[in-house]
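A quick write-up on the structure given underneath.
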Amino acid sequence: MRFYFIIILLISLSFNAQVLAQSDEPVDAHISTEQLHLSMSIGAGVITNPLYGADNIPLVIIPQIAFYGQQWFFDNGRVGYSFKQTQQHNLSLVTELNPESRFFIDWHPQNIFALKSASSNNQFTQLETNTSPQQININNISKRKLVLDAGISYSFVAEQQMLSVQALHDVNSAYNGWRAAIQWQYHGQVGNLQLKPTVGVNYKSAQLNDYYYGLNSDETLLGKIVVGSSWQPYAKIDARWPLSKANALRFHLAYYDYSAMDSSPLFERHYSTTAFIGFEHTF
C-alpha cells in the first residue's frame with residue numbers, strides 16, 4: 001500500500017506542476033551534444049540496505065558526469081551508442097553495472113584489509129550470529145560479484161514526458177540471466193521549483209534473482225533456496241530549486257519495492273529507499 005500511495009502522490013504532483021507552471025515553454029528533456037556536463041551535489045542522504053547484516057549507504061558527495069557525442073555517450077556510469085536519434089525517438093545499445101551489487105559490495109577499509117580465514121565455516125557462524133534460522137546475514141554467504149549488463153534501450157519523448165524501455169543481459173556470465181524495465185518520467189515546473197517525478201517497473205529473471213538473493217546449500221542450513229523471477233515497481237521524485245545559473249538546492253526521494261522476493265531469507269525488510277537533500281553546483 002505504501003508504494004501505491006507514493007505513485008498517487010507523484011502523479012498528483014506531475015498534474016499540479018502542469019497546471020501551475022508559469023511558463024508556456026516546455027521543459028527541455030534533451031541534452032546538448034559534444035559538451036561535458038559536470039555537477040556536484042553535497043548534502044546529507046542515505047540508501048537503505050534491505051538485507052540482514054548490511055549497512056546503509058551514506059550519501060554526502062554525489063558527482064554527476066555526462067557526455068553525449070553524435071552517437072556515443074556516457075551518462076553517470078552508463079555507456080551507450082545511439083542507432084537512432086531524433087527529438088522524439090532514441091534507440092541505443094547500452095551497458096552498465098548491475099545495480100543489485102550495491103547491496104553486497106562495501107568499500108569500508110575493514111573489509112579491504114581485514115584478515116579473514118578463507119576456510120571459515122559459514123553454517124557454524126550463521127548459528128552463532130542469527131537469532132532466527134529464517135534470517136541469513138549477508139556477511140556469512142559467498143560474495144556476489146560486480147556484473148556488467150548490456151542490451152537495448154529505447155526512449156520516446158513528447159513535450160514534458162518521457163517513456164523508456166530497456167532489456168539487458170549480463171556480459172560476464174555471472175548469473176546468465178537478464179533484466180528489463182519500463183519507466184515514465186515527467187519534467188514539470190511549479191514557479192521556480194523544477195520537479196521530475198518518475199514511476200516504473202523492473203523485471204528480473206530467475207537467474208538474476210537466484211544469483212543475488214538465492215542461497216546455495218553450502219551457504220545455509222535451510223538447504224538451497226531459489227527466488228525466481230520478479231516484477232519490482234518503483235517511484236522517484238527529484239526536485240531542484242535554482243539559486244543562480246550554476247547553483248541550486250536539490251532534493252531526491254526514491255522507493256523500490258522488493259516484496260516479490262519474500263522467499264529469500266536475506267531480506268530484513270522488503271523495500272529500499274533513497275533520500276538526499278543538499279546543494280548542487282554545475283560546472
Side-chain angles (χ1 to χ4, degrees), residues 1-10 41 43-62 64 76-78 96-108 111 134-141 143-147 149 164 166 168 170 174-175 177 179-185 196-215 225 227-239 250-278:
M1 292 299 295
R2 184 183 312 171
F3 172 76
Y4 296 107
F5 170 77
I6 293 177
I7 287 182
I8 294 172
L9 175 61
L10 294 187
S41 296
V46 66
I47 299 174
T48 62
N49 197 321
L51 305 181
Y52 281 107
D55 295 328
N56 292 332
I57 304 167
L59 300 176
V60 179
I61 301 176
I62 305 174
Q64 296 183 84
N76 294 299
R78 183 179 175 94
E96 64 182 8
L97 293 175
N98 191 293
E100 303 304 315
S101 59
R102 71 188 186 278
F103 295 139
F104 296 89
I105 298 176
D106 190 343
W107 299 108
H108 194 283
N111 289 336
Q134 300 300 322
Q135 301 174 357
I136 308 300
N137 192 304
I138 68 166
N139 297 303
N140 302 326
I141 65 174
K143 297 298 182 182
R144 277 33 173 182
K145 300 177 181 178
L146 278 174
V147 179
D149 295 337
S164 59
Q166 69 172 14
L168 307 176
D170 73 318
Y175 60 84
R179 60 187 172 97
I182 181 169
Q183 175 179 282
W184 171 84
Q185 187 176 84
K196 192 189 301 181
T198 303
V199 292
V201 179
N202 289 320
Y203 172 79
K204 300 172 184 177
S205 69
Q207 295 89 339
L208 187 157
N209 284 337
D210 291 342
Y211 175 75
Y212 282 108
Y213 305 113
L215 293 169
I225 295 177
V227 180
S229 61
S230 67
W231 293 91
Q232 178 196 34
Y234 62 89
K236 299 185 286 186
I237 187 166
D238 195 89
R250 185 79 178 272
F251 171 78
H252 181 89
L253 180 65
Y255 177 88
Y256 297 87
D257 187 354
Y258 281 87
S259 59
M261 304 175 192
D262 57 0
S263 59
S264 172
L266 293 177
F267 283 90
E268 182 177 8
R269 52 187 175 271
H270 293 105
Y271 64 90
S272 173
T273 58
T274 301
F276 177 82
I277 186 169

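Atoms considered below: every heavy atom in the structure, side chains included; atoms not considered: hydrogens, waters and symmetry mates.
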- prompt: What is the distance from atom OH of Y52 to atom OG of S264, rounded to the nearest 0.5 Å?
  reply: 10.0 Å
query: How long is the gap from CG on N202 to CH2 on W231, to the nearest 0.5 Å?
result: 9.5 Å
task: Please report the shortest heavy-atom distance between D257 and H270, naming the atom on each side.
output: OD1-O, 3.5 Å
field: Distance-minimising heavy-atom pair for A275 and L253
entry: CB-CD1, 4.1 Å
query: Where is the tightest heavy-atom contact between K145 and S101, given as atom of each residue plus distance?
result: O-CB, 3.9 Å
field: Side chain to side chain, S164 and Q185, heavy atoms closer than 4.5 Å
entry: no
query: Any sub-3.5 Å donor-acceptor pair from N209's side-chain atoms to G228's backbone N or O?
result: yes
- line: d(Q64 CD, R250 CZ) to nearest 0.5 Å is 4.5 Å
query: What's the verdict on side-chain contact (heavy atoms from CB on, under 4.5 Å) for F267 and L51, showing C-alpha distance, side-chain angles and the deciding distance?
result: CA-CA 4 Å; F267 283 90; L51 305 181; 3.8 Å; yes
- request: Can you measure from CD (Q232) to CZ (R179) and round to the nearest 0.5 angstrom?
  value: 10.5 Å
task: Go through H252 and I62 one step at a time and tell me if the side-chain contact (heavy atoms from CB on, under 4.5 Å) criterion holds.
output: CA-CA 12 Å; H252 181 89; I62 305 174; over 6 Å; no
Straight-line distance of L208 CG to D170 CG, nearest 0.5 Å: 8.0 Å
query: Is a side-chain N or O of R78 found less than 3.5 angstrom from the main chain of L97, in a donor-acceptor match?
result: no
field: Donor-acceptor contact present, side-chain T273 to main-chain Y255, <3.5 Å
entry: no
task: For R102 and I47, work out which heavy atoms get closest and say how close.
output: NE-CG2, 4.4 Å
message: Among Y175, Y213, Y211, which residue satisfies the side chain to side chain contact (heavy atoms under 4.5 Å, CB included) criterion with R144?
response: Y211
field: Nearest heavy atoms of G278 and F276, plus distance in Å
entry: N-CE2, 3.8 Å
message: Between L59 and T274, is there a side-chain heavy-atom distance shorter than 4.5 Å?
response: yes
field: Full working for side-chain contact (heavy atoms from CB on, under 4.5 Å) between L266 and I138
entry: CA-CA 7 Å; L266 293 177; I138 68 166; 4.2 Å; yes
query: Nearest heavy-atom pair of A174 and V147: which atoms, and what distance?
result: CB-CG2, 3.6 Å
- request: Would you please say whether a donor-acceptor pair under 3.5 Å links the side chains of E100 and Y212?
  value: no
statement: In this structure, CD1 of I136 is separated from CD of E268 (nearest 0.5 Å) by 13.0 Å
task: Determine the interplanar angle of the F103 and Y258 rings, folded into 0 to 90°, and report it as parallel if under 30°, tilted if 30 to 60°, perpendicular if over 60°.
output: perpendicular
